[in-house]
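Encoded as structure tokens, the structure appears first; notes follow it.
Atoms considered below: every heavy atom in the structure, side chains included; atoms not considered: hydrogens, waters and symmetry mates. What you see is a predicted model; the values in this text were computed from it and never measured. Residues: numbered from 1 along the sequence shown.
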Amino acid sequence: MRPPRRGTIDVPGATLYFELRGDGPPLLCIPTGNGDATPFGPLADSLAAHRTVITYDRRGFSRSPVFDAVADDRRVLVDAQDAVALLDHVSDEPADVFGTCSGGIVALALLQTRPNRLRTLVAHEPPLASVLPDAARWLSFYESLYVTYRESGVAAAKAVFRDHVGLEGETRPPEDARLPPQQLEELLTRLRRNEVFWFEHETRSFPAFQPDLGALRRHRDKLVLAGGTTSREQYAYRPNKELARLLEVGMVDLPGGHLGHVTHPYEFAEALHELLRSRPPATGTPPTW
């Protein structure tokens, strides 16, 4: 397996770290609330046989530093602008995009603001509390979670979060997809720093983001709402289920649970590849990488 090609690009107020694998049609993977590209590695390696896979650290996380004050109320849209800048840097071809968890919220914002840049968008279990019938209860939960973080620290807030949203079971990749010890320690060090940025700048603003349902409905031919085969009874599945009702589209389930791309990377990659392969072809110029 060839190592990824690594690079950075400057965007307003930040620098984005990214990795490229493979050749062919572009696929951008937008990371979760941990904001880091590395957990996508085994999935991206598998998909690189078919396409150019772009992974990156979202602004403020890991190797993508921010230089300006973080405007929490605009972060989703700013992250969507970052995704466009990264796509433009790699290819002028309409791209497939896969976003999971917080990355799924960014993906939805990308579809509603720059649909012409996309071929197919797969939003996997975005924790979009704002669309739920009981939105007020869940948004109140995220506000109280932030208070717990400020008063009792990261560990206490993480325990509350996992208990309430139903994240349980295995969260690690299979043994043959795990990082060597030094790389694993580097990742864990980054993720511990990222937890603070997530609690400070994402815990409340991302679940409260109000998607433009009219715009999403107009471009629903490009939209795939995805859940996990083992997370149908968990909170993370509910926002997409409600979006599917509001937008009058179906849902597909991909292997595993909320972190299926990590815990089942090979099965997940195969299912995602088949899903994207079945979509209508795009036109455009091949990537220059």
Side-chain angles (χ1 to χ4, degrees), residues 6-20 26-37 40 52-124 126-128 130-131 194 197-198 200-220 222-224 243 282 284-285 287-289:
R6 299 177 174 89
T8 61
I9 62 167
D10 292 329
V11 292
T15 295
L16 300 181
Y17 168 87
F18 67 91
E19 298 178 353
L20 299 177
L27 168 63
L28 175 68
C29 296
I30 307 180
T32 69
N34 66 37
D36 195 289
F40 277 131
T52 301
V53 184
I54 312 157
T55 58
Y56 71 111
D57 299 345
R58 287 193 289 120
R59 72 163 58 209
F61 292 103
S62 293
R63 297 152 291 192
S64 292
V66 290
F67 309 115
D68 295 339
V70 179
D72 293 347
D73 60 337
R74 296 194 63 251
R75 276 207 58 234
V76 174
L77 295 175
V78 170
D79 270 17
Q81 292 169 357
D82 287 347
V84 172
L86 190 51
L87 288 174
D88 288 346
H89 183 71
V90 175
S91 170
D92 60 6
E93 180 177 356
D96 292 321
V97 174
F98 170 74
T100 183
C101 191
S102 293
I105 296 176
V106 176
L108 291 170
L110 181 58
L111 178 60
Q112 71 183 40
T113 57
R114 291 295 299 276
N116 62 306
R117 204 61 191 81
L118 308 176
R119 190 183 78 102
T120 298
L121 183 136
V122 181
H124 180 259
L128 203 58
S130 64
V131 304
N194 288 351
F197 189 87
W198 182 76
E200 283 289 348
H201 300 295
E202 194 160 304
T203 307
R204 297 168 294 172
S205 60
F206 271 55
F209 177 72
Q210 295 281 350
D212 184 338
L213 296 179
L216 293 178
R217 192 174 290 111
R218 286 194 297 274
H219 303 293
R220 60 189 174 185
K222 298 185 176 186
L223 175 63
V224 177
L243 273 177
T285 304
T288 57
W289 287 85

Worksheet item: So, the side chain of R218 versus the backbone of L213: is there a donor-acceptor pair under 3.5 Å, distance only?
Response: no
Worksheet item: With side chains defined as the heavy atoms from C-beta onward, is the minimum distance between V84 and T113 less than 4.5 Å?
Response: no
Practice prompt. May I ask you to decide if T15's main-chain N or O and T8's side chain share a donor-acceptor pair within less than 3.5 Å?
Written response: no
Worksheet item: Do any N or O atoms from the side chain of S130 and from the backbone of F209 form a donor-acceptor pair under 3.5 angstrom?
Response: yes
Item to complete: Measure from the side-chain N and O atoms of R58 to the backbone N and O of T32, and report whether any donor-acceptor pair falls under 3.5 Å.
Response: yes
Fill in: Spacing of CG belonging to L128 relative to SG belonging to C101, to within rounding of 0.5 Å
11.0 Å
Fill in: R74 CZ: over 12 foreign heavy atoms closer than 6.0 Å
no
Discussion item. How close do V53 and C29 get, counting heavy atoms only, and between which atoms?
Written reply: CG1-SG, 4.1 Å
Worksheet item: Could you give the distance from OH (Y17) to CG (L86), rounded to the nearest 0.5 Å?
Response: 12.0 Å
Worksheet entry | Close side-chain approach of R59 to V66, heavy-atom, < 4.5 Å | yes
Fill in: Side-chain donor or acceptor of R75 paired with backbone N/O of V70 under 3.5 Å
no
Discussion item. Main chain of T120, side chain of D96: is a donor-acceptor contact present, judged purely on distance under 3.5 Å?
Written reply: yes
Item to complete: Taking all non-hydrogen atoms of both residues into account, name the closest pair between R204 and E200 and its distance.
Response: NH2-O, 3.8 Å
Item to complete: Please step through side chain to side chain contact (heavy atoms under 4.5 Å, CB included) for the pair L108 and L243, ending with a clear verdict.
Response: CA-CA 11 Å; L108 291 170; L243 273 177; 3.8 Å; yes
Discussion item. With a 3.5 Å distance limit and no angle check, can you tell me whether S205 reaches the backbone of D73 through a side-chain donor-acceptor pair?
Written reply: no
Fill in: Side chain D57, main chain A37, donor-acceptor under 3.5 Å
yes
Discussion item. Donor-acceptor check, side chain of N194 to backbone of F61, threshold 3.5 angstrom: yes or no?
Written reply: no
Worksheet, complete the sentence: Tightest non-hydrogen contact, residues A123 and G104, listed as CB-O, 4.0 Å
Worksheet entry | Side-chain touch L216/L111, heavy atoms, less than 4.5 angstrom | yes
Worksheet item: Using 30° and 60° as the class limits, which term best fits the ring planes of F98 and H124: parallel, tilted or perpendicular?
Response: tilted
Discussion item. Tell me whether R117 contacts the main-chain N or O of L87 through its side chain, where contact means a donor paired with an acceptor under 3.5 Å.
Written reply: yes
Fill in: Nearest non-hydrogen partners of H219 and P115, listed with the distance
NE2-CG, 3.4 Å
Worksheet item: Do F40 and P31 touch side chain to side chain, with heavy atoms closer than 4.5 Å?
Response: yes
Worksheet entry | Among L77, D82, V97, the one residue meeting side-chain contact (heavy atoms from CB on, under 4.5 Å) with L110 | V97
Discussion item. Please report the interatomic distance CD1(I54) to CD(E19), rounded to the nearest 0.5 Å.
Written reply: 12.0 Å
Practice prompt. Kindly indicate whether the side chain of S91, heavy atoms from C-beta on, has any atom under 4.5 Å from the side chain of T52.
Written response: no
Fill in: Minimum-distance pair of heavy atoms, taken over all atoms of P94 and P26
O-CG, 4.1 Å
Worksheet item: Does a side-chain heavy-atom distance below 4.5 Å link I9 with Y56?
Response: no
Worksheet item: Which atom pair, heavy atoms only, marks the closest approach of S64 to L16?
Response: OG-CA, 3.4 Å
